[in-house]
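Beneath this line is the structure, given in structure tokens, with notes to follow.
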Amino acid sequence: MYQTVVGLEVHIHLNTKTKAFCGCRAEFGDEPNTNVCPVCLGYPGVLPVLNQEALVQAYLVAKALRCELSPRTLFDRKNYFYPDMPKNYQITQFHDPVGRNGSVDFLSPDGTVKTVRIHDVHLEEDAGKMIHAGDMSLCDYNRAGYSLLEVVTEPDLTSGEDTEAFLQSFQRLVRYLGVSDGNMEEGSMKCDTNVSIRKAGEPLGTKVEVKNLNSTRFIKKAVEFETKRQATALDGNRTIVQETRLWNENRDVTESMRTKEGSLDYRYFPEPDLPPFVPDKAFLQAIDGRLVELPLARRTRLLTAFQLSKEQADFVTESRFLADFFETATGTGGTGPAAGQAIANWLMGDVQKELNHFGLTLEASPLTATRLAQLQALLDSGRIHIKIAKQLLVAIFEEDKDPERLLKEKGWEAITTEEQLSPILDQVFAQHPAVVEAIRAGDVRQKGYLVGQVMQATGGRATPGLVNSLLAKKL
Ligand code: ADP
Ligand code: ZN
Ligand code: MG
């Protein structure tokens, strides 16, 4: 039996308004070659200027990944010729990355928390986009120079499932930090996946690098495919060739792209146009100030505090916004497991349903955490029943008003006293004298009919217990 070994090189586009070394707009979907200038087009004699926000975000990620932060970070030129990079070199960090020797935890699908070591975190720039059409190739340099953060893991992952879970967890992490939307389909997160296999106790095997993977699902499949392919090769006494392979999403296989004949010579040398960056105390304090509770820690805390199920805990920590919403709603509506369960159930059930129905996101919806807490408080106090609560939720979406105000305007408050209910019962009795007589003569099965009539007459606002007891009294 072989063990799978996976190491990742994850790239994320940082959340900056402008590119890494010039003032061009960092926005996708714009007309090709409109967000360009002499710097990112590599004209002779121009000078790069480092984007401070990119640097802050790079350090922030390195810190969140428990890296040793570089006290002096430097940029290097990686020289190569390819039309997607008009300067003929990429500015990256080779000798002094922002962070090294970190680690990060993730929740494995087997239920345990696992740790992946981080080799380094470095800041670099993206290349342009090439579009190959027939015998022509078109270049769009809008993306050239976009700030890109590369996170290199040690080969610590051991299955396709874990690799997928790790990447989803990493995605959540960068979103929580607000440094990237981490969207693989749109290319703001990319991942080169290195896979090898070995027998237990043996040293690491020869790896292949798989590219062209634009979803975590494909990465899982690619790892599983490679494990099988390499096992078949080794079992057939063939050796694994160190190479780069491409994922073919139509056939669910990896295909050889190029074999690595040793390491390419990029002639790395320090970028002479950018001074080293030495973070001072204020810079490091600012980083600390922007660090947030990470998704896994938050999930664990909420799961314990509110005794949530795993599904509930996953759901409410899906985004930082949702987790904040959940905590605000439970905080105002009373803390403890009961409040947590109630709010989680709302969010996963009816709120989700109404969001779909109205085509809204929670962020953009009229339902605030305070309003949800108020709705739950009305329910807890017995002033409304669950059916009315659901109606009120819809009304909040429709009218964008507080639940208390809607309750008054709609007259939906529960009927909880005999004085309120008694005249309604009298009215129902008067309308159905035959039924009342039949019950009095012993046909108790017909009671349900009367209860139904009372509920209808009150629009479902009468407390069922009260209806039953008062009915018995009057009969
Ligand atoms: P290279 O010199 O080919 O770039 P590195 O040692 O720098 O290789 O590692 C690049 C990536 O490959 C890292 O994410 C690392 O974890 C991963 N990796 C290295 N060796 C292996 C291996 N034997 N199996 C799986 N992944 C590996
Ligand atoms: Zn530019
Ligand atoms: Mg390497």
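As the structure lists them, so they are numbered: ligands from 1, and atoms in each ligand from 1. If you're wondering where the values come from, they're calculated on a predicted model, not measured in any experiment.
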Ranking Glu209, Lys207, Arg117 by closest non-hydrogen atom to atom 4 (O) of ligand 1, top hit is Lys207

**Prompt:** Tyr268 vs Phe94 aromatic rings, parallel, tilted or perpendicular, using cut-offs 30° and 60°?
**Reply:** parallel

Ligand 1 atoms nearer than 4.0 angstrom to some heavy atom of Glu154 are 16 (O)

- Glu9 and Asn194: side chain donor to acceptor below 3.5 Å: yes

Out of Asn194, Thr206, Thr153, Leu204, the nearest non-hydrogen contact to atom 15 (C) of ligand 1 is supplied by Thr153

Sub-3.5 Å N/O-N/O distance, Ser196 and ligand 1: yes

Subject >> Parallel, tilted or perpendicular: ring planes of Phe397 versus Phe358, cut at 30 and 60 degrees >> reply: parallel

For Val152, the atoms of ligand 1 under 4.0 Å from one of its heavy atoms are 13 (C), 14 (O)

For SG in Cys37 and SG in Cys40, the angle at the Zn ion (ligand 2) (nearest 10°) is 110°

At the Zn ion (ligand 2), SG of Cys22 and SG of Cys24 open up to roughly (10° bins) 110°

Worksheet entry | Close N or O approach (Gly205, ligand 1; < 3.5 Å) | yes

Would one find an N or O of Val195, backbone or side chain, under 3.5 Å from an N or O of ligand 1? no

Return yes if a side-chain donor-acceptor contact under 3.5 Å exists between Gln93 and Thr73, otherwise no. yes

Counting heavy atoms under 4.0 Å, the part of Val5 that contacts ligand 1 is both

Judged by modelled atom types alone, do Ser180 and Asn15 share a side-chain donor-acceptor pair under 3.5 Å? no

One should read off an interatomic distance between Leu375 CG and Asp380 CG, to the nearest 0.5 angstrom, of 10.0 Å

Q. Quick one: does Leu347's side chain get under 4.5 Å of Phe326's, heavy atoms only?
A. yes

